[in-house]
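Counting starts at 1 for both ligands and their atoms, in listed order.
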Amino acid sequence: MKILILPDREAAVAACVDLIAQTLTATPDAVLGLATGGTMEPVYAGLLARARAGEVTLNRMTSFNLDEYVGLPPGHPQSYHTYMQERLFGPLGFDPARAHLPRGDASDPMAEAVRYDAAIMAAGGIDLQLLGIGGNGHIGFNEPSSSLASPTRVKTLTRATRAANARFFGPDETVPQFAITMGIATILRSRHAVLLATGGPKAAAVAAMAEGPLSARCPASALQMHPKATIVLDAEAAADLELRQYYETVHPQGQEVSLD
Ligand code: PGA
């Protein structure tokens with residue numbers, strides 16, 4: 001794991017945007033794995049700003065999002081289809097044929113999950129997989145107890161995840177109970193995994209991921225097995241890392257981020 005600790009959220013987001021932009025500059029038709037959630041909102045804003053400034057071309061990539069709520073059709077305001085449409089694809093005028101998300105309204109969600117993994121394979125696999133982390137250590141919706149060898153499938157969301165995501169739903173709406181999520185094996189097959197975590201509430205999960213045992217209790221710890229994982233943190237999210245000083249020696253703050 002390459003652990004980059006940036007002074008604040010803004011700098012961590014900028015480093016993450018840099019890694020994506022560098023990937024797309026080297027390979028404009030790269031396959032990107034995209035994530036949703038509050039952490040990613042400034043990442044998409046940053047990417048859009050760079051695209052508008054002519055610094056990066058986003059229209060030639062292909063994308064596969066990590067997950068979608070079971071039961072929500074693409075047009076539902078809280079679907080991840082809508083999240084992506086509003087924050088990235090719409091403003092970009094992105095070709096819908098290049099943007100892939102699992103269909104939450106599929107009549108057979110299990111079959112949809114199998115189809116989704118096959119579509120990722122058919123596209124040649126994911127070059128860069130963007131990830132957030134849940135306070136409970138999930139990546140995608142791979143909740144604690146997820147098999148570390150799991151394919152894309154349907155997962156039951158924990159109470160903690162549903163409570164955390166309730167902020168995106170109206171007071172009269174309930175957060176769905178199930179999601180289709182890329183599996184941990186799917187994520188581990190990506191050629192480069194980039195996980196962004198910002199803020200103090202993520203510190204314990206980040207420490208468990210990077211320094212705890214490889215365990216289904218913290219699904220993100222599976223990234224310890226990834227041949228190329230970059231963990232981008234702000235100081236608050238890095239606060240519980242025992243070896244923080246070591247990481248800061250290896251990758252000093254202020255150094256340009258690079259794909260190597
Ligand atoms: P957040 O979600 O960015 O909204 O905190 C991250 C996640 O649950 O993976």
Side-chain angles (χ1 to χ4, degrees), residues 6 8-10 12-17 20 32-47 63-70 72 77-84 86-88 101-102 104 126 128-146 150 152 155-169 173 175-184 186-188 190 193-210 216-223 226 229-234 236-240:
L6 285 300
D8 53 30
R9 176 173 178 256
E10 207 181 10
V13 167
C16 187
V17 171
I20 299 168
L32 294 197
L34 300 180
T36 51
T39 312
M40 295 302 152
E41 289 182 356
V43 172
Y44 296 132
L47 275 175
S63 70
F64 284 90
N65 265 76
L66 278 168
D67 42 27
E68 180 59 284
Y69 291 112
V70 169
L72 300 196
Q78 272 72 45
S79 74
Y80 288 149
H81 281 78
T82 298
Y83 173 108
M84 293 307 302
E86 287 178 350
R87 289 162 182 84
L88 187 66
L101 291 96
I126 290 172
L128 184 151
Q129 177 65 56
L130 191 56
L131 297 163
I133 185 170
N136 65 358
H138 74 201
I139 43 176
F141 274 133
N142 292 286
E143 301 284 40
S145 81
S146 286
S150 47
T152 297
K155 277 300 287 182
T156 305
L157 303 184
T158 61
R159 193 179 298 192
T161 294
R162 294 178 72 211
N165 289 2
R167 69 191 196 278
F168 296 111
F169 288 75
E173 294 176 309
V175 182
Q177 239 183 318
F178 304 99
I180 298 174
T181 180
M182 272 192 209
I184 294 181
T186 313
I187 292 168
L188 292 181
S190 62
V194 175
L195 184 142
L196 173 67
T198 54
K202 298 292 171 71
V206 165
M209 164 185 68
R217 182 69 185 85
C218 177
S221 67
L223 293 176
H226 196 292
T230 305
I231 312 299
V232 184
L233 306 171
D234 67 0
E236 289 181 358
D240 288 357

Which of the atoms in ligand 1, numbered in the order shown and given with their element, are less than 4.0 Å from a heavy-atom of [X]?
X    : result
G37  : 3 (O), 4 (O)
R167 : 4 (O)
G132 : 9 (O)

Practice task
First locate atom OG1 of T181, then atom NE2 of H138, and finally report the distance between them rounded to the nearest 0.5 Å.
Solution key: 8.5 Å
Handout entry: Rounded distance [0.5 Å steps], CD in E143 versus CG in N136
Key =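 Going from CD on E143 over to CG on N136, the span is 5.0 Å.
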Practice task
Determine yes or no for a side-chain-to-main-chain donor-acceptor pair under 3.5 angstrom, with D67 supplying the side chain and M182 the backbone.
Solution key: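 Flag not set: sc D67 to bb M182 has no pair under 3.5 Å.
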Problem - Check: Y80 side chain, Y69 main-chain N or O, donor-acceptor pair, under 3.5 Å - result: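 Not a single qualifying donor-acceptor pair exists.
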Shortest protein contact, [atom] (heavy atom only):
atom                   : value
atom 3 (O) of ligand 1 : T39 OG1, 2.4 Å
atom 5 (O) of ligand 1 : K202 NZ, 2.6 Å
atom 6 (C) of ligand 1 : I133 O, 3.6 Å

Practice task
For ligand 1, note which part of L131 has a heavy atom under 4.0 Å away: side chain, backbone, both or neither.
Solution key: neither
Practice task
Please say which of I20, V232, L34 ends up in a side chain to side chain contact (heavy atoms under 4.5 Å, CB included) with V43.
Solution key: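 Of the listed residues I20, V232, L34, the side chain to side chain contact (heavy atoms under 4.5 Å, CB included) partner of V43 is I20.
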Completion exercise
Exactly one candidate in L128, L130, I126, L131 meets side chain to side chain contact (heavy atoms under 4.5 Å, CB included) with S190; the answer is I126
Handout entry: Close approach of E41 to ligand 1, heavy atoms, under 4.0 angstrom
Key = no
Exercise for the section: Consider ligand 1: state whether an atom of it lies below 4.0 angstrom from any non-hydrogen atom of M40. Expected result: no
Practice task
Consider every N or O of H138 and every N or O of ligand 1, then say whether any pair is closer than 3.5 Å.
Solution key: yes
Exercise for the section: Answer whether the closest heavy-atom distance between the side chains of F141 and N165 falls below 4.5 Å. Expected result: yes
